[in-house]
Amino acid sequence: MPTLTINGQEITVDANTTVLQAAEELGIEIPRFCYHDRLSIAGNCRMCLVEMEKAPKPIASCAMPVGEGMVIRTNSPVAEKARKGAMEFLLINHPLDCPICDQGGECDLQDQAVAYGRNDSRFDEIKRAVKDKYLGPLIATTMTRCITCTRCVRFATEIAGVEELGATFRGEETEIGTYIEEALTSELSGNLVDVCPVGALTNQAYAFAARPWELNKTESIDVHDAVGCNIRIDCRGAEVLRVLPRLHEDVNEEWLSDRSRYAVDGLGLQRLDQPYVRVNGKLQPASWETAFAAIKARLDGLGEDAGGKIAAIAGDMADVEAMLALKELFIALGSTDIDCRQDGAKIGGKHRGGYLFNTSIAGIEDADALLLVGCNPRLEATLVNARIRKRWLAGGFPVAVIGGVGGPGADLTYKYDYLGAGPATLAEVVDGSHAFAKILADAERPMIIVGSGAVARDDGAAVLELARNVAEKTNMISPDWNGFNVLHRAASRVGGLDIGFLPGDGGRDVAGIVDAAGKGEIDLVWLLGADEIDMAGLGDAFVVYQGHHGDAGAHRADVILPGAAYTEKDATWVNTEGRVQLGRRAAYPPGDAREDWTILRAFSAIMEQPLPYDNLQQLRHHMVEVVPSMGLIDEVGPGEMGAFGVAGDVDGAAFESPIDDYYLANAICRASAVMADCSRLYSGTGTNSGSTGGATGTDG
C-alpha cells in the first residue's frame, strides 16, 4: 500500500487508488467534470489537473494511480493556472444562457466556473453551434452546451447496458448523440440527466417548471416496484414537480428507473378528491358521513353471518399501516377472506425466507452464478437488473434463464444462456440432468431468482417447491449465504405477507374472492387500491374502493373513499429483500382525501369496532408488537428458511412475463401523460416488449 503526501498531509491508500480518490479521503476537493465514481475513467475534461513533484507538467488526478512517495499539490500556482486554462477552453463554445438554462442553480459547470475559472476569456472566435439530438420523450437536449465529458456515453454503455450513445466526428467537430436518430431504449435513461454536469441533457417533463431554490425537498421511498428505491420528492406548494434518486448503496446506489422518475405528473391527474356513492347506477359526490353510512347499511343488511360474506383485497402500492388496519377491521367483522396477492402468487406462510430476496440486492455482487426463473428483472425490478449487470461486468458470473423474458432473444443487458421456457427445464436442474445444475453446484455462492411469472399461476406452489429444491441441492443455503430469492413487483407485497394479510382458516384468496363474488357468495368486496383484478368477475357484489386514482377499481365501485398517494403520507413499506423503509409526506392529499389508515380507523368507529390506535405513533407501536421486524428500520430482517412450496404436478406451459406494458404498470402511471407517450413510442418494439432496439440477450 503506497504512501503519498497531498498538500502536506501524508496518507496510505490501496495500490489501485487514483490521486483524486486519495485526495477525497483527506477531504481535499479537486474539481472535475468527466470523472464519476461509478463510471470508467475517461480523462476528457482536464479540470482535475494537479501539480506532482518532479513531473514536467500538471497531471490529471482522476487517471493517475498513486505511487510510493508521491508529493501532490492541488492548490499551487501551477495547479490553479492549469485549472483556469482548462475552464477557459471548456467555455470557448459554451453559450452564455445561464439565466434561461433549465440547469441553472444545479450546474457543475456554473459552480466550478465561479470557484476555479478566470474572470475573462481570451478567445474572440464565433462560438460553435451544435444541432440538438432526439433522445426520446424523457430527455431534452441542448447540445451546444455539451462539454464532451462523455459521462452520458459511459453511463449508457456501462450501467444501462445500451450502446446507443457515442461520439461522432473528431476534434472541434465532435458531437455526442445516438448513431441513429431514435429514442434511447433504456428504463434507466433519466439518469443521464443526473450524470450530465451541464445543461446539455435535462428533464423534459420538468423543463422550466421551477428553480431548485423554490422547491421543498422531502426524502422518501419509491413504490412503483418492490425495489424500494430511496428518492427525494421536490414540491412547490401541494404540487409534486419531480422525483430524484437518493443515495443508498445497498438498494439503488444513486440511480432511479424512468417509471419512478417520470410518472410524477400522474399524481395530479384523475385524482379522487372526495367520496362518491353510486345512486341509480351513477356515482354521485357525497360526504364522508354519507359514504360510511352506505357501507354500514350494506353490512348491516347481511345479518349475523356478515363476516362470511365480505372480503378485502390490498393493492400493489398499499402501505403496511393501511393493510394492518384493514386486516384488523375485517377480523373484527368476522371475515377471513383477505389477500394482498393481486396477481395470485402462491407464496406466503410462516417461513419468511420463502418469499424474500434473501441474498439482498447488494449481495448480488458477491454471487458467482445465477439462475433466473420466470422473471424479467429488467422490467420487473430495473435496479436489481442493473446490479446483476454490474456483477456480470466484473466477470466470472454465468447467468441462465428459464422463461419469463419472452424468449431467447430478449435483451437483459448481459449475456445469458436460455435453458428453456417452463417447469420441465427447472425439473431437469433439480434432478441434476441439466448441465447448468453442475455450474450451480460448483459455484461457491450461487443464487436463484424466482419471479411472479413462475409463482403467479395455478401450479405456482409446485414451482416454488422445485425452486427450493434447486437451492437445497446446489448448496445455495449455508450459514453465511442464502442464494434463494423471490423477486416481487409490488411495493406492498412483502409488507402484506409479513403482517399476514392472507386468507385465514377457510378463507379465500384473490381468485376465490372474485369467483365467490361472481356467484353471489360474497356480497361486499373492499379494494384497498386494488386495480389489477378482474372487475367484471365481481358480479353484483357491493364494491368499496379505497384509493387515490380513478382507475379500474373506482369505475367498478359502489362507494369510493379517496385515499392518499405515496407522496402524501407518512407510511411504511417493505421492499423485496425485506428491508423496512419509511416514506414521508411531501404534500397533502387533494380535497377531502385522507391517509388510508385514518379512513379505516374512522369507519371502524362507525361499525362500533374501533381499532386500538388513534394516531400514527400508536399504530406503529402496535405494528411492531404484532410483527417485531417492523421496528428494524432500514434493515433487512431475518428470513428463516423452511419447507415452503407444495409438492405436486406442474403445468407444462411456459413461464410468461407478467409485464404487459412497463410504462403503464399501475394507476399512477396510467394517469401520466408522460408514461402514455412512452407507451405509445415503445409498445411492441421497445423496452416493454422485452427487447431493446433489436439487440439480443446474448450480445450483452
Side-chain angles (χ1 to χ4, degrees), residues 266 269-302 306 309-319 322-323 325-326 329-330 333 335 337-340 342 492 508 510 513-565 568 589-600 602-604 606-607 666-671:
L269 301 172
Q270 299 183 24
R271 289 302 302 271
L272 300 173
D273 59 0
Q274 66 182 97
Y276 288 84
V277 175
R278 192 175 294 277
V279 179
N280 297 326
K282 294 184 178 181
L283 287 169
Q284 303 290 341
S287 65
W288 280 104
E289 292 78 9
T290 302
F292 283 161
I295 303 171
K296 185 177 187 302
R298 188 71 177 209
L299 288 170
D300 289 343
L302 299 180
K309 300 178 182 177
I310 62 176
I313 301 173
D316 292 347
M317 292 178 140
D319 57 273
M323 288 188 288
L326 184 58
L329 172 61
F330 268 65
L333 296 176
S335 175
D337 296 329
I338 61 173
D339 201 355
C340 65
Q342 265 194 122
S492 65
R508 303 176 176 91
V510 167
I513 291 170
V514 173
D515 181 64
K519 294 177 179 177
E521 297 171 6
I522 286 182
D523 191 76
L524 182 146
V525 180
W526 194 299
L527 303 179
L528 181 61
D531 295 289
E532 318 301 331
I533 65 172
D534 178 17
M535 298 298 171
L538 295 176
D540 296 328
F542 187 87
V543 176
V544 178
Y545 180 77
Q546 180 180 343
H548 43 76
H549 274 78
D551 206 67
H555 285 285
R556 172 60 184 83
D558 295 286
V559 174
I560 295 175
L561 305 177
E568 300 159 358
D592 288 334
R594 297 291 183 268
E595 294 187 27
D596 291 304
W597 78 266
T598 65
I599 296 172
L600 295 161
F603 182 69
S604 70
I606 297 292
M607 293 301 298
N666 55 57
I668 296 175
C669 291
R670 289 189 285 269

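Remember, predicted model here, so these are calculated numbers, not experimental data.
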Identify whether the distance between the nearest side-chain nitrogen and carboxylate oxygen of R594 and D596 falls below 4.0 Å.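 Looking at D596 together with R594, the answer is no, because their closest N to O distance does not fall below 4.0 Å.
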
Nearest non-hydrogen partners of [X] and [Y], listed with the distance:
X    : Y    : value
L302 : K309 : O-NZ, 3.8 Å
A557 : Y545 : CB-CB, 3.6 Å
V277 : A294 : CG1-CB, 4.2 Å
S492 : G315 : OG-O, 2.6 Å
A291 : P275 : CB-CB, 3.9 Å
I560 : P562 : O-CD, 3.8 Å

At what distance, to the nearest 0.5 angstrom, does [atom1] of [X] lie from [atom2] of [Y]?
X    : Y    : atom1 : atom2 : result
R556 : D534 : CZ    : CG    : 10.5 Å
D531 : I668 : CG    : CD1   : 10.5 Å
I513 : R508 : CD1   : CZ    : 8.0 Å
M323 : C340 : CE    : SG    : 6.5 Å
L561 : F292 : CG    : CZ    : 6.0 Å
D558 : L283 : CG    : CG    : 8.0 Å

Is the ring pair W526/F603 parallel, tilted or perpendicular, if the boundaries are 30 and 60 degrees?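 Tilted, since the angle between the ring planes falls between 30° and 60°.
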
Do the side chains of L528 and Q546 get nearer than 4.5 Å, heavy atoms only?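 Counting from C-beta outward, Q546 and L528 do come under 4.5 Å.
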
Side-chain contact test, heavy atoms from C-beta onward, threshold under 4.5 Å: evaluate it for Y276 versus R278 and give yes or no.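 A side-chain contact is absent here, since even the closest heavy-atom pair is not under 4.5 Å.
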
Quick one: does [X]'s side chain have a donor or acceptor within less than 3.5 Å of a partner on [Y]'s backbone?
X    : Y    : answer
W288 : D592 : yes
S335 : I310 : yes
D273 : P590 : no
Q342 : E532 : yes

Side-chain atoms of residues 548-555: list all donor-acceptor pairs with protein atoms under 3.5 Å, sequence neighbours left out, distances to 0.1 Å.
| from | atom 1 | to | atom 2 | distance (Å) |
| --- | --- | --- | --- | --- |
| H549 | NE2 | G266 | O | 2.6 |
| H549 | NE2 | L269 | O | 3.2 |
| D551 | OD1 | R670 | NE | 3.2 |
| D551 | OD2 | R670 | NE | 3.2 |
| D551 | OD2 | R670 | NH2 | 2.8 |
| H555 | NE2 | G550 | O | 3.4 |

L527 and M535: side chain to side chain contact (heavy atoms under 4.5 Å, CB included), yes or no, with the steps? CA-CA 11 Å; L527 303 179; M535 298 298 171; 3.9 Å; yes

In this structure, are over 12 heavy atoms from other groups packed under 6.0 Å from D540 atom CG?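 Counting neighbours around CG of D540, 12 or fewer heavy atoms of other residues, nucleotides or ligands fall under 6.0 Å, so no.
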
Yes or no on side chain to side chain contact (heavy atoms under 4.5 Å, CB included) for V559 and F542, after CA distance, side-chain angles and deciding distance? CA-CA 8 Å; V559 174; F542 187 87; 3.5 Å; yes

Kindly determine whether N666 and D316 satisfy side chain to side chain contact (heavy atoms under 4.5 Å, CB included), including the steps that lead there. CA-CA 8 Å; N666 55 57; D316 292 347; over 6 Å; no

